[in-house]
Amino acid sequence: MPRKCPENANRFAILPPLILLSLVMSLLLGACSAPAISPKASESTSTTLTVAAAASLSEAFTEIATSFQAQLPTFTVHFNFAASGFLQKQIERGAPIDVFASAAARPMDALETQNLLLPQTRKTFARNQLVVVATTAQTPWLKKLSDLRDSRLKRLAIGNPATVPAGEYAKMALEKENLYNKLEKEEKLVFGDNVRQVLTYVEQGNVDAALVYATDAAISKKVKAIARISLESTRPIRYWIAVVKQSQNSQQAKEFINFVTSNRGQQILQKYGFLPVADN
């Protein structure tokens, strides 16, 4: 007697050959495939850190990030460079920031008071100094800070003291020379939103001189430092760094801070003219 095909075999038999072959291959592959990968296992191990840093740190931190990422390829560092006071406000409004690096203590103090920094992560990592700068074509009458009294000075640029640490320090230095009120009354002061904008004002010839950090003067070929402001003329110009409390990458953020304060990080900072903290 002829053998009867199983019911399933009858269904396969009436399928066109190509469809039948495809179906068989699918069944075989399904039987041999590995177990499904869980969503957690398929996630990328890469971590993106968002670092909000004072504008004066732009070049140094960019190189630090390159060196940091070379050692830890799973890290990507994204920067937001601006005035420290402006970045403070962004953090207060809940901006997704992992690390904050400030050019002054005041923005850090404000965030710490509001419990917006991760406890025990705040560190000081560099110092700076103010200088008076003018364009390289500037006439030689401007040689020291007190020369800003000269009637030939028409415009002097500084950072906005309310939000820009370099401006706050500049105001202190000018007040010590009894110059701030005089220049303000004569409407000779031009305020910048950050120290790099102040530097640009000089480079473009929009002002006669400016007070910026020594590190900013060092990166420009269009300006020259006329005079260094005594370290006693201002509060110590210290740079601070901390993990923002709301960070979703707090452990990785700590690793970045550790790199900044490491020997390699310090070498890079000093390459750009920053002073080591230990010297103060």
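All values below come from the heavy atoms of this structure, side chains included, with hydrogens, waters and symmetry mates left out. FYI, the numbering just counts along the sequence from 1.
Looking at Thr121, its side chain does come within 3.5 Å of a backbone N or O of Leu118 through a donor-acceptor pair. Side-chain atoms of Asp98 do not come within 3.5 Å of backbone N or O of Val51 as any donor-acceptor pair. No side-chain donor-acceptor contact under 3.5 Å links Gln69 to the backbone of Ser67. At distances below 3.5 Å, at least one donor-acceptor pair connects side-chain atoms of Thr261 with backbone N or O atoms of Asn258. In this structure a side-chain-to-backbone donor-acceptor pair under 3.5 Å is present from Asp208 to Arg155. Without hydrogens or angle criteria, Lys188 side chain to Leu153 main chain gives a donor-acceptor distance under 3.5 Å. Using a distance-only test at 3.5 Å, with no hydrogens or angles considered, a donor-acceptor pair links the side chain of Ser84 to the main chain of Ala103. Side-chain atoms of Asp147 come within 3.5 Å of backbone atoms of Lys144 as a donor-acceptor pair (strictly under, hydrogens ignored). Between the side chain of Gln266 and the backbone N or O of Phe125, at least one donor-acceptor pair lies under 3.5 Å. No donor-acceptor pair closer than 3.5 Å links the side chain of Lys224 to the backbone N or O of Lys221.
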Determine, step by step, whether Phe75 and Gln252 satisfy the side chain to side chain contact (heavy atoms under 4.5 Å, CB included) criterion, reporting the C-alpha distance in whole Å, the side-chain angles of both residues, the deciding distance to 0.1 Å, and the verdict.
CA-CA 8 Å; Phe75 285 73; Gln252 294 89 337; 3.2 Å; yes
Before you tell me yes or no, could you show the steps for Leu174 and Leu156 under side chain to side chain contact (heavy atoms under 4.5 Å, CB included), namely the whole-Å CA-CA distance, both residues' side-chain angles and the distance that decides it to 0.1 Å?
CA-CA 11 Å; Leu174 292 171; Leu156 174 71; 4.1 Å; yes
Take Glu255 and Gln251 through the test side chain to side chain donor-acceptor pair (under 3.5 Å) and record every step on the way to the result.
CA-CA 7 Å; Glu255 290 186 48; Gln251 187 56 46; 4.6 Å; no
Gln90 vs Asn80, test: side chain to side chain donor-acceptor pair (under 3.5 Å). Steps then yes/no.
CA-CA 11 Å; Gln90 285 191 332; Asn80 179 11; 2.7 Å; yes
Assess the residue pair Phe259 and Arg264 against the criterion (side chain to side chain contact (heavy atoms under 4.5 Å, CB included)); give the C-alpha distance rounded to whole Å, side-chain angles, the decisive distance to 0.1 Å, and a yes or no.
CA-CA 7 Å; Phe259 188 84; Arg264 179 58 185 146; 3.7 Å; yes
Any chance you could lay out the side chain to side chain contact (heavy atoms under 4.5 Å, CB included) test for Ile229 and Val131, step after step, and finish with the verdict?
CA-CA 5 Å; Ile229 306 301; Val131 293; 5.8 Å; no
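The CG atom of Leu183 lies 5.0 Å from the CG atom of Leu189; values are rounded to the nearest 0.5 Å. Taking CD of Gln114 as the reference point, atom CD of Glu92 lies at 4.0 Å (rounded to 0.5 Å). The distance from atom OG1 of Thr215 to atom CZ of Arg127, rounded to the nearest 0.5 Å, is 12.5 Å. Note that CD1 of Ile219 and OH of Tyr272 are 9.5 Å apart. Values are rounded to the nearest 0.5 Å. Asp216 CG to Asn128 CG: the interatomic distance, rounded to the nearest 0.5 Å, is 7.0 Å. Between the CD1 atom of Ile97 and the CG atom of Leu116 there is a distance of 11.0 Å, given to the nearest 0.5 Å.
Taking every heavy atom of both residues into account, Tyr169 and Arg238 meet most closely at OH-N, 4.1 Å. Minimum heavy-atom separation, Val195 to Ala166: CG2-CB, 3.8 Å. Nearest heavy atom pair, residue Thr62 against residue Ser58, reads OG1-O, 2.7 Å. Across all non-hydrogen atoms, the minimal contact from Lys245 to Asn115 is NZ-ND2, 2.8 Å. Among all heavy-atom pairs drawn from Gln197 and Gly192, the shortest one is OE1-CA, 3.2 Å. Leu211 approaches Ala170 most closely through the heavy-atom pair CD2-CB, 3.7 Å.
Here the side chains of Leu199 and Ser220 are in contact, with some heavy-atom distance below 4.5 Å. In this structure the side chain of Arg228 never reaches within 4.5 angstrom of the side chain of Leu130, judged on heavy atoms. Counting heavy atoms from C-beta on, the side chains of Phe256 and Phe61 come closer than 4.5 Å. When side chains are defined from C-beta on, Ile226 does not count as touching Val133, because their heavy atoms never get closer than 4.5 Å. Inter-residue side-chain proximity for Lys123 and Ile257 is flagged as met; some heavy-atom pair is nearer than 4.5 Å. At least one side-chain heavy atom of Phe274 sits under 4.5 Å from a side-chain heavy atom of Leu57. Proximity of Val223 to Thr136: side-chain heavy atoms (C-beta onward) are nowhere separated by under 4.5 Å. Contact of the Thr135 side chain with the Lys222 side chain is not registered, since no non-hydrogen atoms from C-beta on lie closer than 4.5 Å.
No side-chain donor-acceptor contact under 3.5 Å links Gln88 and Ser102.
You'll find the ring centres of Phe81 and Phe79 inside the 6.0 Å limit. Remark: aromatic rings of Phe100 and Phe86 are distant, center separation not under 6.0 Å.
Remark: Glu59 engages Arg196 in a salt bridge, criterion side-chain N to carboxylate O under 4.0 Å. The residues Lys271 and Glu63 are annotated as salt-bridged, a charged nitrogen and a carboxylate oxygen being separated by less than 4.0 angstrom. Of the charged side-chain nitrogens involved, none lies within less than 4.0 Å of a carboxylate oxygen, so that Glu168 and Lys171 do not count as a salt-bridged pair. Salt-bridge check for Arg106 with Asp109: failed, with every basic side-chain N at 4.0 Å or more from each acidic carboxylate O.
Cluster annotation: Trp240 and Leu117 are assigned to the same hydrophobic cluster (Ile/Leu/Val/Met/Phe/Trp/Tyr, side-chain heavy-atom contacts under 4.5 Å, transitive). Note on Val202: it clusters hydrophobically with Tyr213, by side-chain heavy-atom contacts below 4.5 Å among ILVMFWY residues. Linking ILVMFWY side-chain heavy atoms closer than 4.5 Å, directly or via other members, places Leu111 and Val260 in two distinct hydrophobic clusters. Linking ILVMFWY residues whenever their side-chain heavy atoms come closer than 4.5 Å, directly or via other members, leaves Val164 and Met172 in distinct clusters. In this structure, Ile241 is not a member of the same hydrophobic cluster as Val244, with clusters built from ILVMFWY side-chain heavy atoms closer than 4.5 Å.
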